[in-house]
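Quick notes on the structure that follows.
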Number of protein chains: 2
Amino acid sequence: MTINRAQQKEKTRRQIIDAAFQLLSEERSFASLSLREVAREAGIAPTSFYRHFEDMEELGLSLVDEGGVILRQLMRKARQRINDRGSVIRISVETFMEFIHNSPHVFRLLLRERSGSSLAFRKAVSRELQYFVVELADYIQHQRGHSAEDARIQAEAMVILVFNACAEALDCKPSERVQLTEKAIVQLRYIARGAESFLRRRPNGGVK
Amino acid sequence: MTINRAQQKEKTRRQIIDAAFQLLSEERSFASLSLREVAREAGIAPTSFYRHFEDMEELGLSLVDEGGVILRQLMRKARQRINDRGSVIRISVETFMEFIHNSPHVFRLLLRERSGSSLAFRKAVSRELQYFVVELADYIQHQRGHSAEDARIQAEAMVILVFNACAEALDCKPSERVQLTEKAIVQLRYIARGAESFLRRRPNGGVK
DNA sequence: ATATAACGTGTACAAGTGTACGCTGAAAAA
DNA sequence: TTTTTCAGCGTACACTTGTACACGTTATAT
């Protein structure tokens, strides 16, 4: 029953990552976590931390990556659902809401670091969100026949509004989340309709 | 030349607040500031801090208040400009952009604490932003004749998008900010137009 | 003139921090 | 089998942190 060394290392690495997520509760930001604290929670000696990460910043970026993976899984699922039974807008919003219900810690991390004090973190989160934007823009572009640029502007606005609605939802009772969802849907519809109206269904209908 | 004691106290209080804003640079969040650090920057003994604030949280809330004051001044100026020469949307966006140009530290504080780890802070920032939302909603309601609720939904979306564009602008060279401004304006126009289209200029034109 | 109140100081301490260093035991390589 | 590698540990050290406490100093109230 001798276990692979690499496997053991990976396992410990996971413990560290899980410990960090565990500590990222409602009241703690990543920046407020100390290396020793994470090590304690992970059940290892403080100095062992360095066998896995250069410093806390590197751990943080790994957490963001982790969040990105979950986000992309979510995106695939959403795409699936949209193909099954229409309404991009409703499904996008509801998928996000599902996300914060299933992985509030992960969402909180992305939310906070998006406007956090580390440029590296901000960029990392922004990059993850861009996947969603690109995906949505693509859909808009082909479905509605807008130019790539117009589609992107709409998609960015939509992602921001959905993301923001989720942030609000975090501070709410689940019962109030329904209203937030509906509000976000209305807002996204305004954007879609407004763009439609401005661009008049022509591929390059704008000012250019 | 004996100075009033209360005046002296107020002056020291200001030193503390200014010191804190000073430390809130691009790379530091409020949560990462220590009491001693702020005291050092303010040029007072660490223990003197307590003569003015119960703890760091209280200082933080004062900073948010301070930001709120600036925000409201801004709002008044924007209202003025709108009355002078139309275009709510362009003027709102440009006023915000002016804000981050003039007081980047203040904006950064509001931006970060809006999704920070303290509920008290989040609520405080949210309250400040609501002033803007209410103002804008009021304008939309009377100018466009939408219901209070519809107007609010639009106003919230607009404020979020503008706020977000400013956040992006913070990481940009001033030359790129123009494009962000234009993008935000387009997004806001989509919302206005979309709402118009849905609600058809009637006070209660929605589903209701 | 005297007493009071209170802003600001310096000292002190326990607690927590990041991380350098050397060691151990066991898995992997030779 | 012997040697090498390396994840994990414990100790140690130099900091920084919040804050309790006792003490000046001086504007204000009596």
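Below, chains carry the letters A, B, ... as their sequence lines are ordered, and counting in each starts from 1.
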Rounding to an integer number of Å, can you tell me how far [X] [atom1] sits from [N] [atom2]?
X: B:F53; N: D:dG18; atom1: CZ; atom2: C1'; answer: 17 Å
X: B:Q7; N: C:dC7; atom1: CD; atom2: P; answer: 15 Å
X: A:K9; N: C:dA28; atom1: NZ; atom2: C1'; answer: 14 Å
X: B:N4; N: D:dT26; atom1: CG; atom2: C1'; answer: 13 Å

Distance (rounded to the nearest 0.5 Å) between [X] [atom1] and [Y] [atom2]:
X: B:L33; Y: B:L23; atom1: CG; atom2: CG; result: 5.5 Å
X: B:K123; Y: B:Q130; atom1: NZ; atom2: CD; result: 13.0 Å
X: A:Q15; Y: A:E10; atom1: CD; atom2: CD; result: 11.0 Å

inquiry  = Between C:dA5 and B:R5, counting only base atoms on the nucleotide and side-chain atoms on the residue, is there a donor-acceptor pair under 3.5 Å?
reply    = yes
ask   = So what is the end-to-end bend of the helix from C:dA1-D:dT30 to C:dA30-D:dT1, with 5 pairs used at each end and the value given to 10 degrees?
value = 10°
query = ring pair (Phe, Tyr, Trp, His ring centres under 6.0 Å) with A:F163: which residues, sequence neighbours excluded?
reply = A:F107
ask   = Using 4.0 Å as the upper bound for N to carboxylate O, is an ion pair formed by B:E182 and B:R177?
value = no
Atom pairs and distances, side-chain donor-acceptor, residues 48-57 of chain B, under 3.5 Å, sequence neighbours left out:
| residue | atom | partner | partner atom | Å |
| --- | --- | --- | --- | --- |
| B:D55 | OD1 | B:E57 | N | 3.3 |
| B:D55 | OD1 | B:E58 | N | 3.1 |

inquiry  = Is it true that, when you exclude B:E37 itself, more than 12 heavy atoms of the residues, nucleotides or ligands shown sit nearer than 6.0 Å to its CD?
reply    = yes
query = Would you say B:E176 has more than 12 foreign heavy atoms packed within less than 6.0 Å of its CD?
reply = yes
note = Residues of residues 12-32 of chain A with a heavy atom under 4.0 Å from any atom of DNA chain D, listed by number, are A:T12
ask   = For nucleotides 9-19 of chain C, read 5' to 3', which letter fits each nucleotide if B means a protein heavy atom sits under 4.0 Å from the base, S means only the sugar-phosphate is that close, and - means neither?
value = BB-B----SBB
Salt bridge (Lys or Arg N to Asp or Glu O under 4.0 Å) partners for A:K11, two or more places apart = none
